[in-house]
Each structure stands twice: as C-alpha cells, then as structure tokens.
Number of protein chains: 2
Amino acid sequence: MRLTRAGEYAVRCVLYLARRGPGALVSRKEVAEEADIPGQFLAKIAQQLARQGIIEIMQGAGGGYRLSTDPDRITMLEVIETIIGEIALNDCVLRPGSCGNSDICAVHRVWGEAQARLRDHLNGVTFADLLAEEERLRG
Amino acid sequence: MRLTRAGEYAVRCVLYLARRGPGALVSRKEVAEEADIPGQFLAKIAQQLARQGIIEIMQGAGGGYRLSTDPDRITMLEVIETIIGEIALNDCVLRPGSCGNSDICAVHRVWGEAQARLRDHLNGVTFADLLAEEERLRG
DNA sequence: ACAAATAAGATATGTTTAGTCTTATATCAA
DNA sequence: TTGATATAAGACTAAACATATCTTATTTGT
Ligand code: SF4
Ligand code: SF4
C-alpha cells in the first residue's frame with residue numbers, strides 16, 4: 001500500500017467534519033482552509049467519499065459537506081480504501097493471477113498475512129477513537 | 001509503504017540464492033533466468049544488496065553472487081528496506097517535521113503503531129523460514 | 001592477451017500523483 | 001427571475017517515480 005496525499009487529505013477531511021459535530025454542514029472552503037487541503041483537490045476527494053456514503057454533499061448556495069453517519073461507525077480503513085483502493089502490500093496478494101507462482105509461493109503467504117493484519121488494525125480505529133485521543137492529547 | 005518491482009525482485013534474488021545453498025556462487029545470468037528478473041535491472045538491485053552486506057558479488061570471469069551470511073540471519077524486512085528504504089505508511093511518521101501537527105495528531109500515532117507492527121512482523125520472517133515453508137508446501 | 005563477468009552512469013519510457021482549469025449545474029435569497 | 005454562491009465533472013498539466021535499457025569501464029580467471 002501507500003498512503004497518497006489524497007488519502008491523507010481524506011482522513012483530514014473526515015476528521016475535521018467529525019470534530020465539527022456529526023450533524024454540522026461545513027463548506028468546502030472551511031474544510032480546505034482549516035484542514036490545509038487544496039480546495040479543488042478536496043472537491044475530488046469529497047466526491048469519492050460521498051459516492052462511498054461516508055459523507056453527504058449539499059450543492060448550491062449554503063451547501064457543503066457533512067458526515068452521513070456517526071464518527072464511531074467510520075473507520076480509518078474505510079476512508080483510506082475509498083481513496084486509494086484496497087490496501088495491498090504486494091500486487092500478487094490482490095490479484096493472484098499476476099504471478100503464476102502465487103499458490104506455491106511462501107513469500108506470497110507472508111504478504112497475505114501482513115496485509116490482513118494491517119487492514120484489521122486500521123479497521124479497528126474509528127473517527128470517534130481519533131476524537132477521543134485528540135481530547136486526551138489536548139487535555 | 002509500497003513494494004515496488006525492485007523490492008519484489010530483491011526478495012526473489014535472495015530467496016533463490018538461499019535455495020541454492022548458503023555458500024553457492026551463482027552467476028547473475030542464472031539468477032535472472034531462474035528468478036525471472038531482467039538481467040541489467042538485477043545488477044542494480046544486487047549492487048544495493050551488496051552494499052548493505054546481504055550478498056557478496058564476485059567480479060570477473062566465473063563471478064556471480066552469493067549470500068554473505070546464513071539464510072536464518074536475513075529477514076524480509078532487511079531485504080525490502082535495503083531496496084525501498086524504511087517502510088513508512090505515512091510520510092509524517094518517517095519525517096515528523098513534514099507536518100507541523102505531528103506531535104499532537106491522533107492519526108499520526110495510529111500510523112506509527114501500524115508501521116511498527118508491520119515492520120516487526122516482516123522482521124520476524126527469515127529466508128530460512130521461507131525455505132522451510134517452501135519445503136512444506138512442496139512436500 | 002583474451003574472454004567472461006560485473007560496475008557505474010546516462011538515458012529513455014511509461015505510469016502515477018498531485019493539482020489546476022474550465023464549463024456546467026444546483027440552490028438560496030432578494 | 002436574476003444574481004450570487006457553491007459544488008459536479010471532466011480535461012488537462014507538470015512533476016515525480018518506477019522500470020527498465022544502453023554504453024563504457026573495470027575486474028578476474030585462463
Ligand atoms: S514470487 Fe511470490 S511474492 Fe513474488 S509476486 Fe510471485 S507470488 Fe507474489
Ligand atoms: S495530520 Fe497527522 S497524520 Fe496527517 S500528516 Fe500531519 S501528523 Fe501525519
């Protein structure tokens with residue numbers, strides 16, 4: 001895998017929305033400025049998050065973004081994989097056909113297990129957890 | 001992180017050398033053909049592995065590559081990081097200065113822990129383990 | 001001296017990333 | 001119903017990176 005800039009921005013965006021409260025409708029401009037994300041780039045990312053159902057986008061004057069569900073039901077894995085696709089440490093894990101050896105390859109198994117552990121770990125972290133940790137760090 | 005093609009080739013190269021026996025001197029041509037690696041590209045990768053002390057390169061006629069130590073003392077992490085640099089899930093983990101928030105950022109901690117776990121896991125797999133697993137799969 | 005083999009640097013080539021630009025569409029409010 | 005505000009969607013661009021290959025030099029054994 002590789003966390004691209006877009007993936008990092010997606011996490012920042014969702015975290016900022018979570019921080020503003022579950023129901024808050026926040027303009028793209030505000031998110032972009034406060035979370036330090038290039039505005040137009042954020043637009044692309046938000047559209048992907050919306051397609052995935054993680055956020056809702058309101059168009060037109062007074063529009064903006066809001067979370068479509070509670071922060072404790074959104075995990076880091078979801079947000080990241082929405083943007084960069086399924087996390088894969090080696091291509092052969094995602095597409096076993098890409099290497100003819102994959103069914104008898106010992107290395108393949110190592111990648112598979114490492115990937116599974118990483119995904120499980122990230123899937124265990126919700127944005128509610130992140131908010132709570134932020135509180136702890138601040139206070 | 002991201003396992004590049006070069007990283008994958010490095011693992012294949014070391015695994016092939018381990019398979020041929022710890023002391024065996026194997027020509028680049030043989031490694032390239034048997035492990036399915038473009039010859040000149042393998043040369044570059046081998047040079048990096050040699051600089052790191054993982055393999056030894058003998059120049060001149062009758063030259064080639066050999067492991068410089070036992071397969072049970074070479075881990076996947078070592079080989080991979082020799083080629084692609086330290087595994088990093090997010091840039092801020094490797095270079096905290098790259099994001100001003102890193103010391104108060106809850107997300108940062110998640111990346112840090114995930115990265116540590118992944119590296120530990122890969123550091124626990126030696127090429128002797130891989131050879132043993134290959135035996136098990138074959139037999 | 002010659003042949004075999006790797007070293008090292010320069011040079012493509014293709015893909016991905018990161019971001020911008022432009023035009024269209026939706027919404028609110030006067 | 002018109003204008004201002006805001007996002008949608010797709011085309012486009014520039015830079016970085018990955019994946020090699022080519023060329024010339026150097027090393028080594030016979
Ligand atoms: S050799 Fe093994 S690890 Fe490498 S690509 Fe093929 S299956 Fe995957
Ligand atoms: S916001 Fe947090 S996770 Fe993102 S780059 Fe900065 S420190 Fe790292």
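Per chain, numbering begins at 1; letters A, B, ... match sequence-line order.
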Heavy-atom nearest nucleotide on DNA chain C taken for B/K29 and for A/Q40; more 5' hit belongs to B/K29
Between D/dT7, D/dA18, C/dA8, which one does the side chain of B/R51 approach most closely?
C/dA8
Hey, does B/L49 have a side-chain heavy atom less than 4.5 Å from the side chain of B/I83?
yes
Length of the CD-P vector between A/E30 and D/dA6, whole Å:
11 Å
What contact category does A/A6 fall into here, base, sugar-phosphate, or nothing, at under 4.0 angstrom with non-hydrogen atoms?
sugar-phosphate
If you find the nucleotide of DNA chain D closest to A/A61 and the one closest to A/K44, which residue's nucleotide is nearer the 5' end?
A/A61
Testing C/dT22, C/dA18, C/dA7 for proximity to the side chain of A/R5, the answer is C/dA18
Is there side-chain contact between A/W111 and B/M76, with heavy atoms separated by less than 4.5 Å?
yes
Can you identify which nucleotide, out of C/dG19, C/dT6, D/dT21, has its nearest atom closest to the A/F41 side chain?
C/dG19
Do the non-hydrogen side-chain atoms of A/M58 and A/R66 ever get within less than 4.5 Å of each other?
yes
Quick one: A/L42 CG to D/dT7 C1', roughly how many Å, whole number?
11 Å
Roughly how many Å is it from CD1 in B/I84 to P in D/dA16, rounded to a whole number?
21 Å
Nearest whole Å is fine: how far is D/dT19 C1' from B/I45 CD1?
9 Å
Residue B/R5 excluded, over 12 heavy atoms near CZ under 6.0 Å
no
How close or far is atom P of C/dA7 from atom CD of B/E56, stated in whole angstroms?
12 Å
Atom CZ of A/R28 and atom C1' of D/dA9: how far apart are they, to the nearest Å?
12 Å
Please confirm whether the shortest side-chain N or O distance from A/Y9 to OP1 or OP2 of C/dA18 is below 4.0 Å.
no
Would you sort out whether A/E34 and A/R20 count as a salt bridge (charged side-chain N to carboxylate O under 4.0 Å, His left out), showing the intermediate values?
CA-CA 11 Å; A/E34 298 297 321; A/R20 287 291 312 273; over 6 Å; no
B/P38, nearest nucleotide to its side chain (from D/dA20, C/dT6, D/dA9)
D/dA20
Of the listed D/dT26, C/dA18, D/dT19, the closest approach to the B/Q59 side chain comes from D/dT26
Rounded to the nearest angstrom, tell me the gap between atom CD in B/Q48 and atom P in C/dA8.
11 Å
Does B/T4 have a side-chain nitrogen or oxygen under 4.0 Å from the phosphate oxygens OP1 or OP2 of D/dC17?
no
Nearest-Å distance for atom pair CG/P, residues A/D91 and C/dT15
14 Å
Hey, which sits more toward the 5' end of DNA chain C by its nearest nucleotide, A/M58 or A/G39?
A/G39
